[in-house]
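Let me begin by presenting the structure, written as structure tokens, before commenting on it.
Whatever order the structure lists them in is the order used to number ligands and atoms, beginning at 1.
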Amino acid sequence: MDHAIKYFESIPRLERNQVLPIVAISTALLYTSYRLLYSSSKTKQVQGHKSIPVPDCTYPYVGHMFSLGALPSRTIAAWHKELGPIIKLHMGAITWVTISDPVLAHKIFVTHGAETSYRPHSTFAYDYYSDRGKGIGFAQPGAGWKEIRSAVMSVLGPKQVEKYMDLIQQQAGDLVLRMLDSSQKEDGINPHYYFSMYSLNVISSVCMGKQFDSVNDPAFIQLVDTLADAMKFAGLENDLPNFLPAISFIDYFTGIKGKMRDFIKHKRDPISTEFVREAYVSSRPNMIKSFKENGYDIPEEDMIVLLFDLLGGGTDTILITLCWNIAIMCNYPQVQNIASDEIDAFIKLNGRIPQFREREQVPYCISVLKECMRFKPTTAFGIPHAVYDDVEVDGYIIPKGSTVVPSMESMHVDPDFYPEPYQFLPERFMNNLKTMDASSHGKVTERDHFNFGWGRRVCPAAHLAEAEIFTAFIQIFSRCKVEPVLNQMPDIDTPVSAGINLSPSPYKVKFIPRVDALI
Ligand code: HEM
């Protein structure tokens, strides 16, 4: 027996193909209980309310879990096309309600924000990573979360971000030099790696006043590795017992919970604790010091989680958005030329490139950035919300305890919001130059896109995010042309799942110095 346990403990991670046989056995055993459960949930349909359509392809006990395919966001978008703006999925024991209509999403997440701003339970993110609700991203609404959110906003609000603009400019300048240099040495580069260094350097400077000079810096490698491990642990395949409680015995064999606990205790916590302590004594301005200066006294246990929430939230989202920008620009060289011409016109007038605070003087560039995020959303489902109490919206009842998931792909091709939604048309935003942050807090009919989420949980760093993306874009197209390698155009039609994000398939492009560059 000891031997067998050792063998199972040596299995590094639970893969879907390892789980399927176990699921099959459980399925047979649990079919009867599923019938009871499912029929009782059907009879719960409240009289006088519209029923939420359920896609057909559901299996006993596991429900829709294994019908989602390799790219669940695509499958769900197709179901919305067939069944309408709201659908219900049985994800094992958990009900998901997915939404494709921005107005309906606004009513659910904003109008009914008091009931719908919770986060669903997840074994890794809630039990281990956030130590049962510390930090911000996985904390439940309440006094603690409110205080931390207000502390974060006191540092990342539009006025405060200005303090970090020189640093962002300098990092974006370094980014372009690195990419130009590597493009000369290699036949095309994958910008993913360069954007990762850029976004991590910006967010770690903002949060803790720490910059990494080289990708070979052991502290940089350790941080990247820790963030990547956290993402992997958070994957759905490691959370099956949360959806399928009857197979929670799996943990006995895989010890996945023990591995999660060890990762937090021996890897994440020591590195985060060290960073927090360094930040307090750093000579550079940083968010952790600013909290104290702004009168917030955040306990160290919360700070350790919060720091990782921000490092994690602020790295992949930015780098993936930038990867999409470059892939799209490569596919649309005429848009690239118009953007470069607009930047050049600014340089001729001012003798320097535009800063983020002058963004309205380069309206076409702003529109391109908004259209890129509409055309290819950064996340598949934002960060799902959980519903604390039954909520009635447009005649539907969203049941207490369900998880509500915005389908980013469907929302951004809604023809009522975006005429000709499958065309890449930056011009559609020329009359909507508000910052993305202001737009995400505005009326639903006046929003540019929905990438930053909704209501009380809306991304607190939208202004910083736009500043980073804008600055990199301006620096790149003031100095470079981006071209495909050997006519191999980056594929923008086949996204791949990357944690909560949707990334373009890996590609290579050339960053070529512009012969007509004015700087
Ligand atoms: C293009 C870049 C970004 C995108 C698309 C994005 C998107 C999102 C979304 C969809 C949410 C969830 C909103 C909801 O629950 O309705 C969110 C929350 C959050 N984001 Fe961002 N984000 C970006 C950049 C950043 C950056 C740079 C940071 C860090 C500085 C950050 C930190 C956070 C945090 C801490 C939360 C959790 C807030 C809460 O739960 O109260 N994000 N973001």
| Any cation-pi pair here, R428 with Y418, using under 6.0 Å and within 45°? | no
| said: By the definition side-chain hydrogen bond (donor to acceptor under 3.5 Å, both in side chains), identify the one residue from D414, D101, T98 that meets it with H80. | reply: T98
| Which heavy atom of the protein is the closest neighbour of atom 35 (C) of ligand 1, given with residue, atom name and distance? | I136 CG2, 3.6 Å
| request: Run the numbers on H463 and F356 for ring-ring contact (aromatic ring centres under 6.0 Å, His included), then give the verdict. | output: CA-CA 10 Å; H463 198 74; F356 186 56; 5.3 Å; yes
| query | Can you tell me if R456 has a non-hydrogen atom under 4.0 Å from ligand 1? | reply | no
| query | Starting from atom 17 (C) of ligand 1, which protein heavy atom do you reach first, and at what distance in Å? | reply | C459 CB, 3.6 Å
| request: Determine whether the side chain, the backbone, both or neither of V152 has a heavy atom under 4.0 Å from any heavy atom of ligand 1. | output: neither
| message | Would K289 pass as a cation-pi partner of Y280, given that its NZ or CZ must be under 6.0 Å from the six-membered ring centre and within 45 degrees of the axis? | response | no
| task | Using non-hydrogen atoms of the residue, decide whether R119 is closer than 4.0 angstrom to ligand 1. | result | yes
| said: I need the M208 CE to R284 CZ distance, nearest 0.5 Å. | reply: 11.0 Å
| remark: Among non-hydrogen protein atoms, atom 7 (C) of ligand 1 lies closest to N451 O, 3.3 Å
| message | Just to check, does W145 reach to within less than 4.0 Å of ligand 1 when the distance is taken from its heavy atoms? | response | yes
| message | Any non-hydrogen side-chain atom of I398 less than 4.5 Å from a side-chain atom of D390? | response | no
| message | Judged on heavy-atom distance to atom 19 (C) of ligand 1, which of A465, G137, P460 sits nearest? | response | P460
| atom 28 (C) of ligand 1: nearest protein contact (heavy atom, Å) | A461 CB, 3.3 Å
| task | Tell me, yes or no, whether the heavy-atom count around Y388 atom OH, taken from other residues, nucleotides or ligands under 6.0 Å, exceeds 12. | result | no
| field | Atom indices of ligand 1 within 4.0 angstrom of G314 heavy atoms, with elements | value | 26 (C), 27 (C), 28 (C), 29 (C)
| field | Distance-only N or O hit between ligand 1 and T321, under 3.5 Å | value | no
| query | Which is closest to atom 25 (C) of ligand 1 by heavy-atom distance: G453, G313, G135? | reply | G313
| field | Enumerated ligand 1 atoms positioned under 4.0 Å from heavy atoms of G382 | value | 10 (C)
| remark: Nearest heavy atom to atom 29 (C) of ligand 1, choosing from L464, L310, V161, belongs to L310
| task | Would you check if W79 and L89 make a side-chain contact, meaning some heavy-atom pair closer than 4.5 Å? | result | yes
| query | Which ligand 1 atoms are under 4.0 Å away from a heavy-atom of M373? | reply | 1 (C)
| said: Closer than 4.0 angstrom, basic N to acidic O: yes or no for R132 and D127? | reply: yes
| request: Answer with yes or no whether T379 contacts ligand 1, where contact means a heavy atom under 4.0 Å from a ligand atom. | output: no
| task | Write out the residue and atom name of the closest protein heavy atom to atom 4 (C) of ligand 1, then the distance separating them to 0.1 Å. | result | F452 CE2, 3.5 Å
| field | Closest approach of any protein heavy atom to atom 13 (C) of ligand 1, naming residue and atom | value | R457 O, 3.1 Å
| Which of these, V202, L310, L306, L156, sits in a side chain to side chain contact (heavy atoms under 4.5 Å, CB included) with C207? | L310
| note | The closest protein heavy-atom partner of atom 41 (O) of ligand 1 is R149 NH1, 2.9 Å
| message | I'd like to know if E274 pairs up with R277 as an ion pair, taking the criterion as any Lys NZ or Arg NE/NH1/NH2 lying under 4.0 Å from an Asp or Glu carboxylate oxygen. | response | no
| task | Give the residue, atom name and distance (to 0.1 Å) of the protein heavy atom nearest atom 24 (C) of ligand 1. | result | T317 OG1, 3.4 Å
| task | Examine distances only and state if a side-chain atom of R359 and a backbone atom of L433 form a donor-acceptor pair shorter than 3.5 Å. | result | yes
| Are K370 and D448 within salt-bridge range, i.e. N to O under 4.0 Å? | yes
| query | Backbone or side chain, does any N or O of H385 fall under 3.5 Å from an N or O of ligand 1? | reply | yes
| field | I203 neighbourhood, listing ligand 1 atoms whose heavy-atom distance to it stays under 4.0 Å | value | 29 (C), 30 (C)
